[in-house]
Number of protein chains: 2
Amino acid sequence: MALLVVITGYQATPWVSKLQAFEPKLDIRVWPEVGDPDEIDFALTWRHPMGEFKKYRNLKCIASMGAGVEHILCDPDLPHGVPITRIVEPSMPQSMIEYVVMVVLNYCRHYDLYRKQQIEQQWLLKIPILARNVGIGIMGLGQLGGDAAEKLSHLGFQVAGWNRTPKIINGVKTFSGDDQLNEFLAHTRILICLLPLTPGTKDILNRDLFDKLQPGAYVINVARGEHLVEQDLLYALETGQLSGACLDVFRTEPLPKDHPFWRHPKIVVTPHISSLTIPAAVVPQIIENYHRALSGNPLLNEVDIRRGY
Amino acid sequence: MALLVVITGYQATPWVSKLQAFEPKLDIRVWPEVGDPDEIDFALTWRHPMGEFKKYRNLKCIASMGAGVEHILCDPDLPHGVPITRIVEPSMPQSMIEYVVMVVLNYCRHYDLYRKQQIEQQWLLKIPILARNVGIGIMGLGQLGGDAAEKLSHLGFQVAGWNRTPKIINGVKTFSGDDQLNEFLAHTRILICLLPLTPGTKDILNRDLFDKLQPGAYVINVARGEHLVEQDLLYALETGQLSGACLDVFRTEPLPKDHPFWRHPKIVVTPHISSLTIPAAVVPQIIENYHRALSGNPLLNEVDIRRGY
């Protein structure tokens, strides 16, 4: 009986140490040092190599390390009948909102500029963009988008939101549907993408959309890499239609070493940390599911594979 | 009749252009290009050279560019009987609070680390410090400190506050007086200094105080440079008792080029921008006072020189 950690692009160490601390007798294997594949009952995973799970004939559960399971479901060689679970953790939306507020304030207060100036011992001011003078536009007003809108509004920003279907949020001007998108964009100096990824939102952050934002707008993508047309972002930064962007998600993750985003002076790249799962916070629910899987009890947060979440 | 702008350490240009835009016929002189000193009726100033104002025998008002006037009152050669005014502007507390929230989030989310990693195309995560797990301690619960406490608490941080006299703030644990200072410090992982500068608070950020904070604490000073004993900060960073500091105010401003803070890897230096006056927002009250000074009408926001504000 063993729990296998299969992770690429991130370190396994924090997970292994928290799992061990929580249940010291647990037999933990870390891919690719798997040992006997027949001993593996449970896989805890983030971005596994395609086809990996069909090697484990006694596998009783595939547990995502995060809220999303696309990285599991996209595997054409998933073993049939093995249930998949995801993480449901109240700190994740909070973590995302903190990230978004941080990025917005860093932009308005020219934080990166001051860090550069410090290296050169330069004491030079740049007038900040005051919250009350900047229009923030949030695309996607689900739980996350709605909370982010409320927090930014409380800090004094002019916040508008756009959603596929109409929503009402206190203190936030809301727009909905295709016919109100242009009006929403025209108000927006800082655009925050928090949309779900669907056929209708894929590639939505494109040249046509950027052109409808206020000139010199700033774009923050914390949803999915597939929302953004990468070449269109580079073009809009070159023409000045956009003044910068902060990206936490990418079409390929980890972002390849030779990708132009890494070295672009107007792009902030972070390694998918906006709603990072904190191992200490979620290890208890993972261990609980491990025991449930072994004993055949119903799993927590099992994914409906047809719906995709 | 002329208005003289006397400023050191910052650029005069944004002020001159906003003054001109607001009142195109105004005769504006920019120190040191003063022309005939007898033509100067009104001085708009930040950190003037000591003794400068006694050269202008027709001076009717000395107007600070900011909320503070210590930079004027510390001049032993001020001309007698010339009234002094300061800026009262509602956006300044807001600006300070945004700065403080930005710095707290950058610390908790390791923003500077990710900027360094981007230069090296490194995709590596560091577990963030979640708001709910970090104790923030605010010293000074006046208007600014109280507002900052409320905003940080609304974002989910555990906020405590300390004040010379007792204060009550919703959702914030408050301490007061010397006998509750140690208990307040013991709760504090991120310390924010928003105290007024008085003989009792000068040098309060010292080795003894740092030792009473949680190990690896972070210190943010946005009040006055004189609150901080600089050598004690360097010592506490060296021993690891403090993990870092963000300083916006200094004993000497601009911070001298050879000062060790500039190159210290654990210190963020910003050039006194936390509650920066926005010229566009305050030029109307300055021009109003210029006309009042010329016509002998009562000035707005005149300082009581004995009280010092």
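The chains referred to below are lettered A, B, ... by the order of the sequence lines, with proteins before strands, and numbering in each begins at 1.
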Asks: By a 4.5 Å heavy-atom criterion (distance strictly below it), what part of B/Ala280 contacts chain A: side chain, backbone, both, or neither?
Replies: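 Neither part, no heavy atoms under 4.5 Å.
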Asks: A/Glu98 versus B/Leu155: any side-chain heavy-atom pair under 4.5 Å?
Replies: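 No - every pair of side-chain heavy atoms lies 4.5 Å or more apart.
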Asks: Within the structure provided, determine whether A/Ile127 and B/Pro279 are in side-chain contact (heavy-atom separation under 4.5 Å).
Replies: yes
Asks: Any chance NZ of B/Lys151 has more than 12 other-residue heavy atoms, nucleotides or ligands included, within less than 6.0 Å?
Replies: yes
Asks: Which of the residues B/Val104, B/Ile119, B/Ile267 is involved in the greatest number of heavy-atom pairs with chain A at under 4.5 angstrom?
Replies: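 Most pairs with chain A among the choices: B/Ile267.
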Asks: Chain B heavy atoms under 4.5 Å from A/Val103: which part of the residue, side chain, backbone, both or neither?
Replies: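 For A/Val103, neither part sits under 4.5 Å from chain B.
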Asks: Which pair of non-hydrogen atoms, one from A/Gln94 and one from B/Gly156, has the smallest distance, and what is that distance?
Replies: NE2-CA, 4.3 Å
Asks: Out of A/Ser274, A/Ala281, A/Cys108, A/Pro254, return the one with the most heavy atom pairs under 4.5 angstrom to chain B.
Replies: A/Pro254
Asks: List the atom of A/Trp123, the atom of B/Thr270, and the distance in Å for their closest heavy-atom pair.
Replies: CZ3-O, 4.3 Å
Asks: Heavy-atom pairs under 4.5 Å with chain A are the metric here; pick the option from B/Lys126, B/Gln122, B/Gln117, B/His259 that has the most.
Replies: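 Between B/Lys126, B/Gln122, B/Gln117, B/His259, the count favours B/Gln122.
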Asks: Looking just at side-chain N and O atoms, do A/Arg109 and B/Ser95 make a donor-acceptor pair shorter than 3.5 Å?
Replies: yes
Asks: Any idea how A/His154 and B/His154 line up, ring-wise: parallel (<30°), tilted (30 to 60°), or perpendicular (>60°)?
Replies: parallel
Asks: Within the 4.5 Å heavy-atom criterion, are B/Val268 and A/Arg115 side-chain neighbours or not?
Replies: yes
Asks: Kindly compute the distance separating CD1 (A/Ile97) from CG (B/Leu105), expressed to the nearest 0.5 Å.
Replies: 11.5 Å
Asks: Where does A/Phe250 contact chain B at under 4.5 Å (heavy atoms): side chain, backbone, both or neither?
Replies: side chain
Asks: Does a donor on one side chain sit under 3.5 Å from an acceptor on the other, for B/Asp112 and A/Tyr111?
Replies: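 Judged by distance alone, the side chains do pair up.
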Asks: Would B/Gln118 and A/Phe261 count as a side chain to side chain contact (heavy atoms under 4.5 Å, CB included) here? Give the steps.
Replies: CA-CA 9 Å; B/Gln118 183 172 344; A/Phe261 287 174; over 6 Å; no
Asks: For the backbone of A/Leu255 and the side chain of B/Gln121, can you confirm whether one donor and one acceptor N or O come within less than 3.5 Å of each other?
Replies: no
Asks: Look at atom CZ of A/Arg263 and say whether more than 12 heavy atoms of other residues, nucleotides or ligands are closer to it than 6.0 Å.
Replies: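 No - once you tally the heavy atoms of other residues, nucleotides and ligands closer than 6.0 Å, there are 12 at most.
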Asks: So which part of A/His272 gets closer than 4.5 Å to some heavy atom of chain B, the side chain, the backbone, both or neither?
Replies: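 Both parts, backbone and side chain.
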Asks: Is there side-chain contact between B/Trp262 and A/Glu120, with at least one heavy-atom pair below 4.5 Å?
Replies: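 Heavy-atom side-chain distance check fails, nothing below 4.5 Å.
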Asks: Check whether more than 12 heavy atoms from other residues, nucleotides or ligands sit under 6.0 Å from atom CD of B/Gln20, and answer yes or no.
Replies: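 Enclosed: over 12 neighbouring heavy atoms sit under 6.0 Å from CD of B/Gln20.
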